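Shown next, in structure tokens, is the structure this report addresses.
Nothing fancy with the numbering, it's 1 onward along the sequence. Computed from a prediction, not measured in an experiment: that's the story for all the values here.
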Amino acid sequence: MAASSVIKFDIPLPVSSAPDVLFSFYDCDLNLIMSSERFRAFYGDEKTSQATLFGIYPELDDPSMDMFTEQAGNTGWLRNVQFQRAGEALCDLIIFRPANGFAVVETRNPLRQEPSPDEADRAFLLHEANHDALTGLPNRRQFGARLHEALSGGKSGIALMQLDLDEFKPINDTLGHAAGDIVLQQTAERIRNVLGPGETAYRLAGDEFAVIQLRKGQPAEAERLADALVNAFKKPFLVNGIAVFSGASIGVALAPRDGNEEDQLMRAADIALYAAKSEGRGRARTFEPAMMMVLEQRELLRRSLRVALQHGEFFIEYQPLVDCSGSVAGFEALLRWHHPMMGIIPPSAFIPMAEADGMMPEIGQWVLEEACRQAMTWPPHCMVAVNLSPAEFLTGGFTDRVSQTLDTIGFSAERLELEITEGVLLERTINNLDTLNTLNVLGIQISLDDFGTEYSSLSYLKNFPFDSIKIDKYFIKDLTNDDKSQTIVRFIIALAHGLGMKVTAEGVEDQAQAEWLIAAGCDRLQGYFLGRPLPASSVLEFLQRNDTAKWQSQEK
């Protein structure tokens, strides 16, 4: 049973002779979930704690109220009820049915016998103005007022939780916005089911929700609730018979420790939420001052990234690709960033940043040009593989820029391989197919990278013109002693060859893995066992030293 919580209303009701106006809101099970200050003051905390509609108004639980029961499911209906308790003033109830519950406006005025129609209209508009129409939760306006009230009132034990759904956008993109709305409604219901006394949920926007908790025993109570909320999202949503998975990430901030003003507390909760998402999502994190330092470093990195290309801070390393005969077939171009103060920044740290800030098309064009220029000095049989980010691949005029780059440098299209991941193919399917077909016509090789770790839809292999598949290192690391990995790798190799595609195995770390893959028919190998990433100046020297298979020479 949900408990009541105090709320303030900014819209005055027109009343005569200054009656007491009491507001209360109930869920579909008639449990009291919110109430006004006057309501709590009139009925008292003891009666309103874990109260029900009939507990507050036993008069409504009379057989003569069958009409109330019959119309309970009709959203928008409104009723006026009038009664007088012994020794009390005349009580007027305006009961109406917003989404996901009931609302009651109680007025006590001995001078008035009839409830005002304007009062009913204002009460309905009041509820609509303060609640989210889709989920029935209090909205951002109500959230701001409640947080301000809690902080300015000097209350203790205040915790603010910011909750975001993980991977909500793909649900909207693949199943449609109607399915997304169903998930949001179910999200609100899951949050409600977890909350107890002194805990209220709000929908802020999109898939962003918040919870204000007023409980003693912080921070333990906040951590308990946050963990309970995370666990509530571990089971799938059911949308039109389809199981949909979307976890929740939560950031927690406490007052006054993390801030005693609304903006301070919300920023602390946002930073904690960012930390939860950065650590893998589907978890809760409580704000710590060190998180602010991490965020500030990230912002410094972002500002530096904007000028890194102009300052010549990027460079490329090349990792060998070795065919099954032991010959070096080519090299994969790997982007690196040498920050003037922080040293070498890993791609996993700055590429998502560059994609989010719209810088990848410019950076990717530089990588393509630089890799092709440097590969011009290699033997004619050596190809170069260049990775494409989704942001770059989906930019208009991409194929024209690739073609112009090859013509300007004089690099043969047959020696260029472009690597894309399965995530690229989720967006704009028709345009993707046109882009890949155009690259194919130009003679450029196309490789599907990290196969088996993302969406792995076989329809990609049927509909898109790939020349090769790269098996992710996840399946290679325990290849020699795991039967399941062996079965999966054999299947991928057979599937690719059956479709006329070549196969490259990433992450080859030892001789046993290399021998197993060659025996299974893998076309190319890549990994530290075959060669670590090299600076451009060392490529020719590496080629001279590796005319025969590395594992063969080590075996001797």
What closest approach, in Å, do [X] and [Y] show between heavy atoms, and which atom pair accounts for it?
X: Phe393; Y: Ile420; answer: CD1-CG2, 4.2 Å
X: Gln162; Y: Ala269; answer: CG-CB, 3.3 Å
X: Ile212; Y: Leu147; answer: CD1-N, 3.8 Å
X: Gln186; Y: Leu238; answer: NE2-O, 3.0 Å
X: Gly507; Y: Lys473; answer: CA-CB, 3.7 Å
X: Glu149; Y: Ser152; answer: O-OG, 3.4 Å

Using atom types as modelled and distance alone, determine if a side-chain donor or acceptor of [X] lies under 3.5 Å from a backbone N or O of [Y].
X: Asn193; Y: Glu189; value: yes
X: His339; Y: Met341; value: yes
X: Thr395; Y: Phe398; value: no
X: Glu262; Y: Met266; value: no

Practice task
Before accepting this row, confirm whether a basic side-chain N of the pair Arg281/Glu167 lies closer than 4.0 Å to the acidic partner's carboxylate O.
Solution key: yes
Handout entry: Salt bridge flag under 4.0 Å for residues Lys277 and Asp166
Key = yes
Practice task
Report, as yes or no, whether the 6.0 Å neighbourhood of atom CG on Asp263 holds more than 12 heavy atoms from other residues, nucleotides or ligands.
Solution key: no
Practice task
Return yes when atom CZ of Arg283 has more than 12 non-hydrogen atoms of other residues, nucleotides or ligands closer than 6.0 Å, and no otherwise.
Solution key: yes
Would you call [X] and [Y] a side-chain contact if the rule is heavy atoms closer than 4.5 Å?
X: Leu254; Y: Ile158; value: no
X: Ile171; Y: Ser246; value: yes
X: Val252; Y: Leu160; value: no
X: Ile56; Y: Phe39; value: yes
X: Glu221; Y: Lys216; value: no
X: Met359; Y: Glu392; value: no
X: Met161; Y: Leu229; value: yes
X: Leu225; Y: Gln213; value: yes

Practice task
Please identify each residue that fulfils ring-ring contact (aromatic ring centres under 6.0 Å, His included) with Phe143, with sequence neighbours left out.
Solution key: Tyr202
Handout entry: Contacts of His338 that satisfy ring-ring contact (aromatic ring centres under 6.0 Å, His included) - sequence neighbours left out
Key = none
Handout entry: Worked check of side-chain contact (heavy atoms from CB on, under 4.5 Å) between Glu506 and Ile471
Key = CA-CA 6 Å; Glu506 297 180 298; Ile471 305 175; over 6 Å; no
Nearest-0.5 Å distance, [atom1] of residue [X] to [atom2] of residue [Y]:
X: Phe237; Y: Phe245; atom1: CZ; atom2: CZ; result: 10.5 Å
X: Thr107; Y: Ile94; atom1: OG1; atom2: CD1; result: 6.0 Å
X: Lys477; Y: Asp482; atom1: NZ; atom2: CG; result: 10.0 Å

Completion exercise
From the list Arg192, Arg215, Arg146, salt bridge (charged side-chain N to carboxylate O under 4.0 Å, His left out) partner of Glu199 resolves to Arg215
Practice task
Verify side-chain contact (heavy atoms from CB on, under 4.5 Å) between Ile250 and Arg285, making sure each step is shown before the conclusion.
Solution key: CA-CA 6 Å; Ile250 300 175; Arg285 286 298 311 274; over 6 Å; no
Exercise for the section: Quick one: list whatever passes side-chain contact (heavy atoms from CB on, under 4.5 Å) with Ala272, sequence neighbours left out. Expected result: Phe287, Met291
Practice task
Determine the interplanar angle of the Tyr43 and Tyr57 rings, folded into 0 to 90°, and report it as parallel if under 30°, tilted if 30 to 60°, perpendicular if over 60°.
Solution key: perpendicular
Practice task
Classify the ring geometry between Phe350 and Trp337 as parallel (under 30°), tilted (30 to 60°) or perpendicular (over 60°).
Solution key: perpendicular
Handout entry: Test side-chain contact (heavy atoms from CB on, under 4.5 Å) applied to Leu137 and Gln185, step by step
Key = CA-CA 10 Å; Leu137 291 177; Gln185 290 171 331; over 6 Å; no
Exercise for the section: List the steps, then state whether side-chain contact (heavy atoms from CB on, under 4.5 Å) holds for Leu195 with Thr200. Expected result: CA-CA 7 Å; Leu195 300 184; Thr200 308; 5.5 Å; no
